[in-house]
Number of protein chains: 2
Amino acid sequence: MSHTLGVRQAQKQQSRRALLDAGLLLLEHQNLSSLGVREVTRTAGMSPAGFYRHFRDLDDLGVALVEESLASLHGMITAVLAGEGDAEQLIDRTVEVVARHVREHRAHVRFLARERHGGVQPVRAAITAELDAFTVEVAAALGTQEQSAAWSQADLRMLSGLYVEHLVSTAAAFLEAPGDQPEAEQRIAATARAQLRLISLGRLHWPTA
Amino acid sequence: MSHTLGVRQAQKQQSRRALLDAGLLLLEHQNLSSLGVREVTRTAGMSPAGFYRHFRDLDDLGVALVEESLASLHGMITAVLAGEGDAEQLIDRTVEVVARHVREHRAHVRFLARERHGGVQPVRAAITAELDAFTVEVAAALGTQEQSAAWSQADLRMLSGLYVEHLVSTAAAFLEAPGDQPEAEQRIAATARAQLRLISLGRLHWPTA
DNA sequence: TCATTCAGTAAACAACTGTTTGCCGACTTT
DNA sequence: AAAGTCGGCAAACAGTTGTTTACTGAATGA
């Protein structure tokens with residue numbers, strides 16, 4: 001689909017990427033609301049004025065980061081949920097997918113966790129919107145499982161909300177674990193799996209009207 | 001227990017309170033990492049240098065806010081969990097307590113949600129520590145319930161972790177709802193209750209070794 | 001009563017901030 | 001090859017920032 005941009009567009013996108021990467025790097029240890037334009041351009045190797053060729057605001061850059069942060073996760077989880085296997089296997093795969101996603105996109109996930117309730121309204125709104133859309137997707141995927149075929153739409157939303165919330169907090173827990181210590185990661189994964197198993201039991205005995 | 005402080009100590013505490021309140025007010029719309037000493041002292045009606053008579057840092061002020069933010073919640077929930085009544089009643093009371101706590105301590109709760117994954121390490125550590133302690137308390141309270149008398153320590157921790165995480169995200173959801181619209185609050189409460197009921201079902205059928 | 005303590009102040013410091021301006025020079029289109 | 005587009009830059013703007021300094025004056029304790 002990439003239409004082989006002209007040299008000019010390519011260079012511009014490269015600069016834009018540099019700005020996004022610089023932001024992502026700096027946001028590892030601070031909040032978006034304390035980030036500075038000069039700070040970002042400095043670590044991106046660009047003059048301060050150049051920033052405004054790409055973004056209106058730092059909020060604008062933040063919203064762009066939200067979009068690319070959740071892009072990859074969307075499909076992965078829904079694919080797992082639509083996959084075959086019993087509940088136990090789905091749980092194992094889900095937790096493994098989350099763990100890998102955090103490992104491979106640490107900075108993005110940290111950014112999301114940090115700004116989800118952060119002080120920048122547009123970014124907060126963008127994250128909430130993406131997460132809501134994700135919840136709807138999960139609800140749809142759950143609806144196709146035979147286990148919850150007879151569930152009402154409202155109950156499916158309730159359940160998918162619980163799952164998404166659990167997924168987010170599991171990701172946050174993985175973040176907290178130091179990246180070089182796999183035993184902590186294993187402990188978090190084991191707890192997450194047990195919690196999902198308990199929820200699964202609840203599902204099994206949920207009274208369908 | 002208040003030992004009728006001398007006039008001097010009383011005035012100092014009053015100023016300290018003014019600083020904490022100013023911080024809390026400003027943190028409603030921004031992050032701790034972007035808060036300024038001058039900003040705080042200005043809205044507290046004090047000279048910038050005065051700040052340092054009370055706190056070393058803004059991080060220091062942040063940690064103080066963490067402590068007073070979680071002080072009240074501790075007892076409330078554990079009291080509910082240790083109370084009488086069937087599972088359904090405990091769920092109703094729990095959600096009601098959380099809703100009221102958010103209503104009455106909006107600024108504190110917002111601060112906790114915002115800084116839990118925020119950019120200021122000492123504050124993040126303080127919140128994590130308090131929340132861990134809270135999880136242990138909940139696990140102990142759950143252990144006394146007949147429903148989970150035969151559970152292992154590890155499983156109790158797993159379950160209380162799930163409960164605390166759910167409580168936190170419910171509180172965050174209440175925060176998002178506009179304070180003047182009680183119908184949104186009711187919707188969130190209903191969802192939270194349903195999710196707790198589902199977890200309760202899972203508990204009931206959890207295999208005890 | 002007199003000396004001491006100490007919360008709060010005003011002023012100064014150098015360093016930093018976001019944003020606008022006019023400009024240059026490389027790419028693009030005609 | 002000429003004209004136009006436009007990403008990036010240096011410089012300047014008026015603010016803001018954290019922190020230290022020496023000080024004042026009221027509460028304290030002898």
Side-chain angles (χ1 to χ4, degrees), chain A residues 2-27 29-65 115 118-123, chain B residues 2-27 29-65 115 118-123:
Chain A
S2 68
H3 215 199
T4 50
L5 293 325
V7 178
R8 195 159 215 173
Q9 292 282 338
Q11 286 176 339
K12 180 169 184 181
Q13 289 232 347
Q14 204 170 6
S15 297
R16 188 186 139 100
R17 189 94 288 277
L19 287 172
L20 290 169
D21 287 341
L24 223 35
L25 181 75
L26 293 165
L27 288 169
H29 297 289
Q30 71 188 288
N31 264 316
L32 180 58
S33 68
S34 72
L35 199 61
V37 171
R38 293 187 115 102
E39 208 179 351
V40 173
T41 54
R42 195 186 310 129
T43 78
M46 190 183 299
S47 110
F51 176 86
Y52 298 94
R53 302 283 184 199
H54 299 272
F55 304 101
R56 180 182 335 200
D57 267 336
L58 275 168
D59 299 12
D60 203 14
L61 181 144
V63 172
L65 283 178
E115 299 303 328
V120 181
Q121 201 272 333
V123 171
Chain B
S2 67
H3 214 200
T4 50
L5 292 325
V7 177
R8 196 161 216 172
Q9 291 284 336
Q11 286 175 339
K12 180 168 183 180
Q13 289 233 346
Q14 204 170 5
S15 298
R16 188 185 140 98
R17 189 94 287 277
L19 288 172
L20 289 169
D21 287 342
L24 223 34
L25 181 75
L26 293 166
L27 289 170
H29 297 288
Q30 70 190 287
N31 264 314
L32 179 59
S33 68
S34 72
L35 198 61
V37 171
R38 294 186 112 103
E39 208 180 348
V40 173
T41 54
R42 196 186 309 130
T43 77
M46 187 182 303
S47 111
F51 176 86
Y52 299 94
R53 301 285 183 200
H54 300 272
F55 304 101
R56 178 183 337 199
D57 266 337
L58 275 168
D59 299 11
D60 203 14
L61 181 143
V63 172
L65 283 178
E115 299 303 328
V120 181
Q121 202 272 334
V123 170

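Each chain gets a letter, A, B and so on, in the order its sequence line appears, and its residues count up from 1.
Rounded to whole Å, atom C1' of D:dC6 lies 15 Å from atom CD of A:Gln13. A:Arg17 has its CZ atom 18 Å from the P atom of D:dG7, to the nearest Å. One atom, CD of A:Gln9, and another, P of D:dG8, lie 11 Å apart when rounded to the nearest Å. Following rounding to the nearest Å, B:Phe55 (CZ) and C:dG8 (P) show an atom-to-atom distance of 11 Å. What separates NZ of B:Lys12 from P of C:dG8 is a distance of 8 Å, to the nearest Å. Going from atom CD of B:Gln14 over to atom C1' of C:dA7 covers 13 Å, rounded to whole Å. In this entry the distance linking CD of A:Glu39 with C1' of C:dA15 reads 14 Å, nearest Å. Here the P atom of nucleotide C:dT5 and the CZ atom of B:Arg8 are 10 Å apart, to the nearest Å.
The side chain of B:Tyr52 lies closest to D:dT19 when the candidates are C:dT20, C:dC6, D:dT19. Closest to the A:Ser15 side chain, of the nucleotides D:dG18, D:dG7, D:dA27, is D:dG7.
Between B:Val7 and B:Leu58, the residue whose closest nucleotide on DNA chain D is further toward the 5' end is B:Leu58.
Nucleic acid contact for A:Arg42: sugar-phosphate only, since backbone atoms but no base atoms lie under 4.0 Å from a heavy atom of the residue.
Using a 4.5 Å cut-off on side-chain heavy atoms (C-beta onward), A:His29 and B:Gln121 make no contact. A heavy-atom distance below 4.5 Å is found between the side chains of B:Leu65 and B:Leu27. At least one side-chain heavy atom of B:Phe51 sits less than 4.5 Å from a side-chain heavy atom of B:Leu58.
Not one side-chain nitrogen or oxygen of B:Gln11 sits closer than 4.0 Å to the OP1 or OP2 atom of D:dA26.
Counting only distance, with no hydrogens or angles, the side chain of A:Ser15 and the backbone of A:Gln11 share a donor-acceptor pair below 3.5 Å. Between the side chain of A:Glu115 and the backbone N or O of A:Leu32, at least one donor-acceptor pair lies under 3.5 Å.
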Return the polar atom pairs (N/O with N/O) between nucleotides 9-12 of chain C and the protein under 3.5 Å, or none.
| residue | atom | partner | partner atom | Å |
| --- | --- | --- | --- | --- |
| C:dT9 | OP2 | B:Ser47 | N | 2.6 |

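Distance CG/B:Leu19 to CZ/B:Arg53: 13.0 Å, rounded to 0.5 Å.
Counting heavy atoms of neighbouring residues, nucleotides and ligands inside a 6.0 Å radius, atom CD of A:Gln14 does not exceed 12 of them.
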